[in-house]
2 protein chains.
Amino acid sequence: MSIAYIIPLFGLIALLFTAVQSAWVSRQDAGNERMQDIARHIAEGAMAFLKAEYKILTYFVIIAALLLGYMGFSHENSDWTIALAFIIGAIFSATAGFIGMRIATKANVRTAQAARTSLSKALKVSFTGGSVMGMGVAGLAVLGLGGLFIILKAYFGAEANTAEMVKTIEVLTGFSLGAESIALFARVGGGIYTKAADVGADLVGKVEAGIPEDDPRNPATIADNVGDNVGDVAGMGADLFGSYVATVLATMVLGSEARTADNFGGLSPILLPMVIAGMGIIFSILATFFVRISDSAGLSTSAVQKALNMGNWGSIVLTAIACVGLVYWILPAEPFYLQRDWIGGDALREGAIAITQNGVLGAIFVGLAVGTLMSIITEYYTAMGKRPVMSIIRQSSTGHATNVIGGLAVGMESTLLPIIVLAAGIYGSYACAGLYGVAIAAAGMMATTAMQLAIDAFGPIADNAGGIAEMSELPKDVREKTDILDAVGNTTAATGKGFAIASAALTALALFAAFVGVAGISGIDIYKADVLAGLFIGAMIPFIFSSLAIRAVGEAAMSMVEEVRRQFRTIPGIMEGTGKPEYDKCVAISTEASIRKMMLPGAIALASPLIIGFIFGPEVLGGFLAGATVSGVLMGMFQNNAGGAWDNAKKSFEKGVEINGETYYKKSEPHKASVTGDTVGDPFKDTSGPSMNILIKLMSIVSLVIAPTLAEIHVHKQEPPVAKQKPAPEAPAKEVAAVKF
Amino acid sequence: MSIAYIIPLFGLIALLFTAVQSAWVSRQDAGNERMQDIARHIAEGAMAFLKAEYKILTYFVIIAALLLGYMGFSHENSDWTIALAFIIGAIFSATAGFIGMRIATKANVRTAQAARTSLSKALKVSFTGGSVMGMGVAGLAVLGLGGLFIILKAYFGAEANTAEMVKTIEVLTGFSLGAESIALFARVGGGIYTKAADVGADLVGKVEAGIPEDDPRNPATIADNVGDNVGDVAGMGADLFGSYVATVLATMVLGSEARTADNFGGLSPILLPMVIAGMGIIFSILATFFVRISDSAGLSTSAVQKALNMGNWGSIVLTAIACVGLVYWILPAEPFYLQRDWIGGDALREGAIAITQNGVLGAIFVGLAVGTLMSIITEYYTAMGKRPVMSIIRQSSTGHATNVIGGLAVGMESTLLPIIVLAAGIYGSYACAGLYGVAIAAAGMMATTAMQLAIDAFGPIADNAGGIAEMSELPKDVREKTDILDAVGNTTAATGKGFAIASAALTALALFAAFVGVAGISGIDIYKADVLAGLFIGAMIPFIFSSLAIRAVGEAAMSMVEEVRRQFRTIPGIMEGTGKPEYDKCVAISTEASIRKMMLPGAIALASPLIIGFIFGPEVLGGFLAGATVSGVLMGMFQNNAGGAWDNAKKSFEKGVEINGETYYKKSEPHKASVTGDTVGDPFKDTSGPSMNILIKLMSIVSLVIAPTLAEIHVHKQEPPVAKQKPAPEAPAKEVAAVKF
């Protein structure tokens, strides 16, 4: 068990690294007064949003904690400490968002300043900013999970395969619930904010007034840059924090069900995912040193991409190698089984799969393969010059409508290969090590989250740096350098989303499997009418959720458009640069709209599993979760990839594209059509699409939290059925396969 | 059993009525020479398409029949006659499309001519045309199903609950498979044709050249009018023929599983759905006489709508009343159970639901309620003046992109209530009479298909009449009258689609339930990894299918645009009306593109269940079907409703709409944005959306056809699992609940 004490240490190391790197970023030159002034505006806007958001979420956390505490008191399988774990999870998640936002709003202006010197320096500053966020998030997650596990285990006096351990893990689920709920609100709120500002700024600025992006005359431009921070940084930080925790937790839940004799008091399957996560952090830190380019590389996108790939692949390969050692060291050589595979105490149910060292390793490699393939496929569907984006470009020549149709078709088509890969991944990881294999595959994929997030967060920092360069009228070559970083950031953002949805799907399935065990049902038979009805209702949730999210963006963008139009109309000299736009009004519109509009989707995600579960029981809830997961994964892929493809179709016009022998540039009719597609894609790829993976995980976690309570209620309801006309002597035999817990 | 002989008689009565009404339409005045000339062009184009389509489908039918025949020879549970049944189903379906097309291309010009006299006369001609199609389709279905049942029963010497009856029903499934495959190709091919022509004609004609719809100078205008016939008439006829047959058949399959003592040799549950369908036809014929308006009504949309509602509600209420009598007469007073509910021969499984007269009646009423609610909700989401359409109008003021976002949001939101209604319908009909209840609910909903189709088919006839009036330059008041009919037709088309998707969902579920029984599995447990993988793959199919369908429209429309642009450029005097456009070139483009592009989606629908079933077994196929059904229903609703709402948002500009205090009309910027949305919605609502319900039923039928073969293979594969480490004395008990068949 002593190994458990090492786990929080990994987290502390990451946080130490974060502090050192953060201090380094702060020491960099923040540029001239104009730049600092703009950066301050952005930072203040971002903090104002975070403050407003966290204020509302505080009320939510208090109410939810009271409900959880009540549930803990009133039910035998639960404990009131789950409320505490929930609060800690929420605070950690909020802190992760805060760390990211703080460093991003510092690194942006310093990256712009560094870009006055060289591309390599600009990369160094922006990527260091990203890695502060990445290590911070991962460190908090490992520290929180590992630390809480030690404390709870001691508090309950839990040993492997005891009721106390069930309670320990159950309370730990509260930590994940706290993290994931904050993630949902942060992702949706941030997503609405950033896209309302972006769409509003573009529609009036670029389209109506004909001024370039990030022009200081555009009143919405500060809001737009704030949006990059609250959506792409804080939102994403909370998102990945939640994913990371949920993935490790799901594996721990299934691991806690294993009966095994090992050197860690039977806890090896629980400890393994946390240790892998810890090692992933160490190797991510190591691999950050691979991310650098030489000054002699010139202004090359590919050099930057190569540097990031080195970091990414370095961390993945090192962690994969370490996993081999970890698995052989920690897991016992004897194969073992999950509790639910034992029927009648010492007989195995038909089809039970043994968990072996090699099987677990196999599952981890399956997970890594799924993640890699997912990234490659996503890149294909969203990259410039490839068939899908080219088809959208071609369809831009006949107008706005055909461009939109083209993008929708690409998005729908882009689900084909990822779903086949995912299905094969489920099949393969299950074949390797059963349900534990599915969970550990996700955990393997997520092991290098720290590096993934560092790469993801570097994009919006570079994007912001470009905005600051533009607004403070720095020389053109500065913007050129930040544009190179931004372009690479767009690619990494798209592939990161492919990765995120794949890991979310596997995690949701692992949580789903854990739910079945905890809820005390033997399976989820969709052939039953009520379960099938649950499947339909569940599959509908992502549609409603997406509808609310994209409608919120549409409406908030309209308010923004009206405000910007008003300022252009009423502020004298604004277009000549002599009148000062009222940036703060636009910031306030985005802040207010996003906070208000994140409520309903969040409430649906949290409340629907409760309603279904308590009224219709755990098996119907299982059907509901399956429907939501399948439909959420599809809608997520569809929206992310359509949005990414539209974006790059539009960007392709900057260098000119050839359609039927003619070359078209910006401002041509086909380009205008492509701007329409890009604007439609904005809420797809940055608001509703990326929310899908949090949605499906959050609903699974909520279900898992209420599962023990449902199991209690369910037992009461499972009274013998009403007497039939004829006696049924063999009937009770049906329940033989039920899970014992 | 003698009652069985009455069933084909109902079909013959319908066909007799069809012949009489068809002769009446032919006797009407076909107008002046110009009108007849245009009508001939349209009729020839339509027939050319049908010929090309049927030629390709002949090859398909021959190959599929050979495969089916081989399966019938080589497997014990099947019979080679299934190939014959398949061919007959295909021929009947093709005939249904042909009848519809023939009468529609006659009624269109006669409606235009009648509109020169009065609105009531125009309604009479167009609705009579529609009812020829409605009764023709329903008559063929009842004649085919009823007739084949009698013949096959005699051929196999089948009695209730014998292996021969299983074979009879199995072969009858071949009839449904034939009908539904032709329906899929007709719907997809017709849908691509009509929208390629429509989008192409609009983009160049209305948007670029600024000439009105149906202007004779537009080279694509004949193709556009042909499209109304091949898509909205022939495609829809084949579609509803397939649905109708599948629904009745699914109920028969489940009915054949019932063990009951009645006055019809134990066949009452099999005969009931056919008799209800027959009675539905009789009352539909009766109710056609309610559809009339007086000449004094003036030019009123609401009077026409009221007349159609009278017909619709008349047929529904009469049929519902008749059902009460039929159920009490045909079903036995004693409750009975399905075969699968008996375990060990004479004990009932836990949760088995008794099928009673009252329960079946309850299920029928649940079905009617679901259908009605579905129509009302669909109308709300697509009707002018209601909140959803108004929100799209408002979002048109800020541009193309926000209009598109608004429509997508409306489409996604519109799945909420229908899914809840559907889930409640599944739950309710199952509670009334078990799986047989789910099936009979769908059969009840579909009983008045003849009237539904008459109302649906009247729309495109009126639309065509308007086109002919425009092209032959008839006085303006003629077009006004046809526009009234057309406007009503748009509403009925939208509600008809809501009805169609609901009935398809219930039918697919009934087929799904039948599949489980025939395939010899005891349930579909999505908690198993492979079944869950199947669920993912199945749910992805509707996305790919939609992608292919809308991409096909986009690409064919682009070819059309290029051809029309070419003609405007190269034919001298075309815009002045002195040069004659080459209509046939545009007709050829649509024909060629639609035939070519319907292949791949059709192949996916047919082949994917075969691949999944034969490689992964029946339970994974069950998961696949569930995924496809859920996702298909959602995608169908989303696309149909988004398309309908966009369409009516655009139409609202004709009378002027107020946005923020300003009134906008046609040609305004917001109107242009609304045209973009409408064009995006065209393939949604007329190509991929309505294909979804055929897709899900077809995949279920294919699965049902191969189910007996899978059951044979599956039995071999279910050898005892590999030996586990510990003996499992109780393990075999798990299979107790398996279905005996």
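So that the names make sense, note that chain A is the first sequence line, chain B the second, and so on, each numbered from 1. Given the structure is predicted, the values throughout are model-derived calculations rather than measurements.
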Between [options], which residue shows the highest count of heavy-atom pairs closer than 4.5 Å to chain B?
options                : result
A:V531, A:V675, A:I526 : A:I526
A:T676, A:I541, A:I524 : A:I524
A:G538, A:A533, A:G534 : A:A533

Between [X] and chain A, with a heavy-atom cut-off of 4.5 Å, which part of the residue counts as in contact: side chain, backbone, both or neither?
X      : value
B:F545 : neither
B:L509 : side chain
B:V633 : side chain

When B:T679, B:L634, B:I550, B:D678 are compared by non-hydrogen pairs under 4.5 Å with chain A, the top option: B:L634
Using a 4.5 angstrom heavy-atom cutoff, name the option from B:V553, B:V404, B:N403, B:V199 with the most pairs to chain A. B:V404
Please tabulate, for the side chains in residues 405-421 of chain B, all donor-acceptor contacts under 3.5 angstrom to protein atoms that are two or more places apart in sequence or on a different chain.
unit_1, atom_1, unit_2, atom_2, d
B:E413, OE1, A:R551, NH2, 2.4
B:E413, OE1, B:R387, NH1, 3.4
B:E413, OE2, B:Y381, OH, 2.7
B:E413, OE2, B:R387, NH2, 2.8
B:S414, OG, B:G411, O, 2.7
B:S414, OG, B:N641, ND2, 2.9
B:T415, OG1, B:M412, O, 2.7

Closest contact, heavy atoms only, [X] versus [Y]:
X      : Y      : result
A:A539 : B:V630 : CB-CG1, 3.1 Å
B:Y527 : A:F512 : CA-CE2, 4.5 Å
A:L535 : B:A626 : CD2-CB, 4.1 Å
A:F536 : B:T629 : CZ-CG2, 4.0 Å

To the closest 0.5 Å, what do you measure between NZ (B:K672) and NE2 (A:H400)?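 The NZ atom of B:K672 sits 9.5 Å away from the NE2 atom of A:H400.
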Supply the atom-to-atom distance A:F638 CZ to B:S547 OG, rounded to the nearest 0.5 angstrom. 9.5 Å
Is [Y] close to [X] at the side-chain level, that is, under 4.5 Å between some pair of heavy atoms?
X      : Y      : value
B:T402 : A:V561 : no
B:S397 : A:M558 : yes
B:E562 : A:N660 : yes

Angle class for the B:F616/A:Y427 ring planes (parallel below 30°, perpendicular above 60°, tilted otherwise)?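 It falls in the perpendicular class, over 60°.
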Heavy-atom distance under 4.5 Å to chain B: side chain of A:L548, backbone, both or neither?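 Neither part.
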Bottom line for A:A557: the part with an atom under 4.5 Å from chain B's heavy atoms is neither
A:L506: side chain to side chain contact (heavy atoms under 4.5 Å, CB included) partners, not counting sequence neighbours: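 Once residues adjacent in sequence are excluded, the partners of A:L506 under the side chain to side chain contact (heavy atoms under 4.5 Å, CB included) criterion are A:L422, A:I426, A:V438, A:A441, A:A442, A:M445.
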Strictly distance-based, threshold 3.5 Å: is any side-chain N or O of B:D525 a donor or acceptor partner for the main-chain N or O of A:G523?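 A pair under 3.5 Å: no.
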